[in-house]
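Throughout, a chain's letter reflects where its sequence line sits, starting with A, and its residues are numbered from 1.
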Amino acid sequence: MIKVRNIMSRNVITVAPSSSIKDAAVLMATKSVSGLVVVEKNTPVAVISENDIIKGIVSKKIKVRDVMSSEFNVISPLTRFSEITKTLRERKIKKFPVIEDDKLIGLVTETDIVEATRDFTRFHEIVQEAILAIFGLATAFFLFYFSPLRASIFGS
Amino acid sequence: MAKIRKIMLTNVATLNTEAKIGDAAKLLAENDMGCVVVLENKAPVGIVTELDFVRNLNSKNINLKDPIEKIMTSPVTFMTPTMKLDEALKIVDTKKFRKYPVVENQELVGLVTKKDIINFISDNLRLHRNIQNVVLVLFVLFEFFVFVLSSYVYKFLHLGA
């Protein structure tokens with residue numbers, strides 16, 4: 001089973017609600033992340049995405065507070081991966097700050113989930129191929145074992 | 001294997017090359033597609049994503065009245081509707097973009113995202129895996145049946161075993 005701990009990005013970039021949209025954009029660009037967690041007194045209160053920043057530019061807002069969105073779900077490192085993918089698909093929530101002992105320790109984004117899905121799929125493919133190969137070998141062995149060919153070579 | 005046509009989005013936000021950065025910003029803010037495709041005679045010549053915006057906000061101090069060409073990514077990597085998904089995945093891996101316009105007869109017909117490609121492939125594989133498991137169980141039952149039966153047949157024919 002995939003654990004949140006293994007797929008989350010650990011360097012969460014945070015921003016205060018009172019900072020400017022431009023600062024948030026600069027942070028995103030320099031740290032190459034697609035979203036920031038808005039933090040107030042060490043607890044995540046909102047998230048801000050690239051889309052929110054553009055909306056801010058269009059409507060000429062200045063502060064992060066004016067454009068941040070509350071579309072996020074706080075999760076723990078023990079949350080099941082399937083739960084997150086379900087929330088992502090059904091409720092279109094794309095950011096999941098990870099909290100452990102009241103501390104923000106990571107962030108799971110849509111990109112992380114897509115990558116994990118992909119690795120998981122690839123891993124499963126390999127396992128399945130291995131099982132098939134073992135079955136194939138077993139079948140070949142049994143067929144040989146019960147065939148008259150074996151008896152004629154090794155005696156009965 | 002499924003083709004791009006099956007998973008592409010068809011209502012793509014587009015602009016022509018004379019558009020301004022402000023127009024692109026407005027379109028990006030309105031729809032949640034995350035990108036605007038820039039067209040010239042119905043063929044895509046560039047793409048503006050949210051990332052382009054955020055990045056340029058920092059470095060170039062963009063003016064909303066500047067032409068869109070200043071921030072668009074050009075030329076674009078595009079896909080065709082008849083492309084198979086595993087070929088598409090190879091392109092995604094080499095190019096590292098998130099969105100790809102889909103072009104047919106030099107006209108834009110849709111847009112496909114990395115996320116959609118990967119999700120579709122993994123959903124497809126999950127179904128495939130379930131079928132494979134059922135087949136495997138049937139196969140084992142069949143094998144068991146054959147082995148038990150064959151030992152009797154061999155005995156009956158005095159062929160050994």
Side-chain angles (χ1 to χ4, degrees), chain A residues 21-30 32-36 49-60 67 85 88-89 92 94 110-111 113-122 124-125 127-129 131-132 135-136 138-139 142-143 145-156, chain B residues 21-34 48-59 61-62 64 89 92-93 98 113-119 121-126 128-129 132-133 135-136 139-140 142-144 146-151 153-154 157-161:
Chain A
I21 292 176
K22 201 166 171 203
D23 287 344
V26 170
L27 266 179
M28 274 188 198
T30 50
S32 37
V33 290
S34 64
L36 308 172
S49 66
E50 290 167 350
N51 193 260
D52 296 329
I53 286 188
I54 291 164
K55 275 182 187 148
I57 298 170
V58 172
S59 54
K60 305 215 160 44
V67 294
T85 49
L88 177 74
R89 285 190 190 194
K92 308 262 181 230
K94 293 179 181 174
E110 202 182 10
T111 321
I113 293 170
V114 169
E115 288 300 323
T117 308
R118 197 168 163 198
D119 291 346
F120 194 51
T121 308
R122 201 177 288 152
H124 255 258
E125 256 181 311
V127 169
Q128 192 91 35
E129 296 291 315
I131 291 173
L132 272 182
F135 263 102
T139 312
F142 276 115
L143 282 178
Y145 188 81
F146 284 106
S147 75
L149 190 67
R150 183 190 73 100
S152 64
I153 297 172
F154 300 107
S156 52
Chain B
I21 291 178
D23 302 332
K26 219 174 274 172
L27 268 178
L28 283 175
E30 280 164 10
N31 69 35
D32 55 358
M33 196 91 89
V48 181
T49 63
E50 291 175 346
L51 184 67
D52 293 327
F53 246 97
V54 173
R55 212 186 274 145
N56 284 300
L57 203 60
N58 174 21
S59 57
N61 200 3
I62 48 172
L64 292 184
L89 197 59
V92 171
D93 281 338
R98 290 187 283 186
T113 66
K114 175 184 176 181
K115 180 187 75 177
D116 289 339
I117 294 176
I118 291 178
N119 278 346
I121 289 179
S122 72
D123 281 354
N124 217 19
L125 269 178
R126 198 169 298 145
H128 189 77
R129 205 156 60 215
Q132 214 167 24
N133 286 344
V135 170
L136 215 60
F139 188 61
V140 169
F142 170 75
E143 232 169 58
F144 183 73
V146 166
F147 293 151
V148 171
L149 211 69
S150 67
S151 58
V153 171
Y154 289 143
L157 295 174
H158 307 289
L159 286 172

Non-hydrogen atoms of B:Lys26 and A:Val58 that approach each other most closely: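 So the minimum-distance heavy-atom pair works out to N-CG2, 3.8 Å.
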
For the student: nearest non-hydrogen atoms of A:Ser34 and B:Arg98, plus distance: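 Where A:Ser34 meets B:Arg98 most closely, the heavy atoms are CB-NH1, 4.2 Å.
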
Approximate separation, where rounding is to 0.5 Å, of A:Met28 CE and B:Glu50 CD: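 Atom-to-atom, A:Met28:CE and B:Glu50:CD are 9.5 Å apart.
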
Contact class of A:Ile113 relative to chain B, heavy atoms under 4.5 angstrom: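 For A:Ile113, no heavy atom lies under 4.5 Å from chain B.
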
Separation of B:Leu136 CG from A:Ile131 CD1 (nearest 0.5 Å):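 Answer for the CD1-CG pair, A:Ile131 versus B:Leu136, is 7.0 Å.
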
Evaluation steps, side chain to side chain contact (heavy atoms under 4.5 Å, CB included), between A:Gln128 and B:Asn133: CA-CA 9 Å; A:Gln128 192 91 35; B:Asn133 286 344; 3.1 Å; yes

CG on B:Asn119 to CG on A:Leu88, rounded to 0.5 Å: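 The distance works out to 7.5 Å.
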
Minimum heavy-atom distance A:Thr117-B:Ser122, with the two atoms named: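 Minimum heavy-atom contact is CG2-OG, 3.3 Å.
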
Considering all heavy atoms, the nearest B:Asn31-A:Asn51 contact: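 What the structure gives for the nearest pair is O-ND2, 4.0 Å.
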
Approximate separation, where rounding is to 0.5 Å, of B:Thr49 OG1 and A:Glu50 CD: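 Going from OG1 on B:Thr49 over to CD on A:Glu50, the span is 7.0 Å.
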
Electrostatic pair B:Lys114-A:Glu115, nearest N-O below 4.0 angstrom: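 A salt bridge is present here (some side-chain N lies under 4.0 Å from a carboxylate O).
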
Inter-residue atom distance B:Leu125.CG - A:Thr121.OG1, 0.5 Å rounding: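 One gets 6.0 Å once the value is rounded to the nearest 0.5 Å.
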
Toward chain B, the part of A:Arg89 with a non-hydrogen atom under 4.5 Å: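 Contact with chain B: side chain only.
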
Top contributor to chain B contacts, counting heavy-atom pairs under 4.5 Å, from A:Glu110, A:Lys55, A:Arg118, A:Glu125: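 Answer, by heavy-atom pair count under 4.5 Å with chain B: A:Arg118.
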
From B:Phe53 atom CZ to A:Ile57 atom CD1, the distance as rounded to the nearest 0.5 Å: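 If we round to the nearest 0.5 Å, B:Phe53:CZ and A:Ile57:CD1 are 6.0 Å apart.
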
